[in-house]
Amino acid sequence: LIDFKFSPRTKTNNLSIRLINKDNSKSAVVPVSVNHWENTDVQFMPEGGDLITGLKAHMGFKAIGEDGRGANIKGRVVDETGKQVAVFSSTHKGMGDFDLIPNDNQTYTAKVEFPSGLVKDYPLPAVKRSGTVLQVKNAFKSDSVEVSILASPDIVQLNKSYFLTAKARGVISYAATVTFSKNAVHRFVSKNLFPSGITHFILSSTDGKPLNERLVFINRDDDL
């Protein structure tokens, strides 16, 4: 193990170190990955697809450095006035999550702090006034997944029906009709309905238009 520090030139690409033994009979070239923190790709993704005014959103995020690996970050979310509305910190390879209740006519900015001390602003997705939110809790030890569907007041007033389906390996394993009597619908769906692997939950209109989607991993402990 060799541990040393050096300062590469700025805007250096394809950096490598050449190692040579004392009598110059052997050499090796070791590639070196360089991350410029200002070029880190940080994505913020509302669960189910959108941020809807007044509806609690579960936000996932992922930070990827120039070397393609997860970058550990932390930071806070502020509104247009600079008021802090949420804080976050990555928990595994640049990934993490936090909750946020967006307000109408507001834009939100994530102030991301990198290990170097650099702070950079990233805009969160735009807030929509009308829409639905699909959230799925997949507790490891639970025999069911908890599905929550939230709707903005204007959609609740329409009193329309929607379809909730779940596909696994291309086959529909669960289907139900959803009607909003209030702004939220909660369902517990047994994991026994699905094989091990990815299950795709979809909320759609009665004419088949998808509104929200969510992927979850079902583990049936069958050594897939």
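Starting from 1, each residue takes its place in the sequence as its number.
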Any side-chain heavy atom of [X] within less than 4.5 Å of one from [Y]?
X: Leu134; Y: Val147; value: yes
X: Asn212; Y: Ile149; value: no
X: Val189; Y: Val136; value: no
X: Ile73; Y: Phe88; value: yes

Taking side chain to side chain contact (heavy atoms under 4.5 Å, CB included) as the definition, give me every residue that meets it alongside [X], ordered by chain and number, with sequence neighbours left out.
X: His92; value: Met95
X: Leu118; value: Trp37, Glu38, Phe114, Ser116
X: Asn103; value: Gln106, Tyr108

Exercise for the section: Would you tell me whether Thr109 and Asp121 have side-chain atoms, one donor and one acceptor, within less than 3.5 Å of each other? Expected result: no
Exercise for the section: Check ring pair (Phe, Tyr, Trp, His ring centres under 6.0 Å) between Tyr174 and all other residues, then give those that pass, not counting sequence neighbours. Expected result: none
Handout entry: With sequence neighbours excluded, residues passing ring pair (Phe, Tyr, Trp, His ring centres under 6.0 Å) with Tyr162
Key = Phe180
Problem - Contacts of Glu113 that satisfy side chain to side chain donor-acceptor pair (under 3.5 Å) - sequence neighbours left out - result: none
Handout entry: More than 12 heavy atoms from other groups under 6.0 Å of NZ on Lys128
Key = no
